[in-house]
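Shown next, in structure tokens, is the structure this report addresses.
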Amino acid sequence: MSVLDIRVLGDPILRQETKPVAEVTDDVRRLIDDMFDTMRAARGIGLAAPQVGRTERVAVVDVEGGKNPIALVNPEVVSGEGTIVGEEGCLSIPDVFGDVERAASVVVRALDRDGNSIEVRGTELLSRCLQHEIDHLHGKLFIDYLGVFKRRAALAKWSKLSDRYPRYVRRLPEVEVSGTSGGAGEAEGHHSDEEM
Ligand SMILES: [Zn+2]
């Protein structure tokens, strides 16, 4: 088990379509375990394979602080209900947040770490996180949902922060000195601090 480097906005892998996993092999299980380790090291609530430079259609989520870790292989949203707007952040666009409209609840079908079919029903934060991770598996990022002005503001903020990540790589031990903003300016509005 190991903590992997996280790819940040600008790395083309974040815009690529992933490949469905044909069989849940030991390699896939190792990837899942490493992704859980990486997500926890980054204090995130979800992580998708492209964020660690991989092209397998695999994601992990855990919105309950370790109580309910879910590994998802080849996940698909099979139904969604209602809409809700909430703030999102992304481990691949650290410190940038924006309001995104999502389905309020979803049902996701996937394979688990053992290759068994599972159905996950999510509401609230789990619903949001599932949709965010499945988007990653299709090259989509939360900033794509922002209106033109908010998106421009998010990208402007990112352009100031992105120097911290040479070659679009976020190496966790060094960057996880939380609470310091590198002197980049004032703290902005309160946010949930949940990145995925
Ligand atoms: Zn993300």
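Atom set for the values below is all heavy atoms of this structure, side chains included, hydrogens, waters and symmetry mates excluded. Worth saying up front: this structure is predicted, and the values here are computed from it rather than measured. For ligands, and for the atoms within them, numbers begin at 1 and follow the listed sequence.
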> Once you round to the nearest 0.5 Å, how far does CG of L161 lie from CD1 of I93?
Replying inline: 11.0 Å

>> Looking only at N, O or S atoms, which one in H132 sits nearest to the Zn ion (ligand 1)?
In response: NE2

> Is the backbone of G115 close enough, under 3.5 Å, to the side chain of D112 for a donor and an acceptor to pair up by distance?
Replying inline: yes

> Nearest to the Zn ion (ligand 1), which N, O or S atom of H136 do we find?
Replying inline: NE2

> With a cut-off of 2.8 Å, does any N, O or S atom of S92 fall short of it relative to the Zn ion (ligand 1)?
Replying inline: no

>> Would K140 and Y145 count as a cation-pi pair here, with the cationic atom under 6.0 angstrom from the ring centre and within 45° of the axis?
In response: yes

> Got a salt bridge between D144 and R15, using NZ or NE/NH1/NH2 to carboxylate O under 4.0 Å?
Replying inline: yes

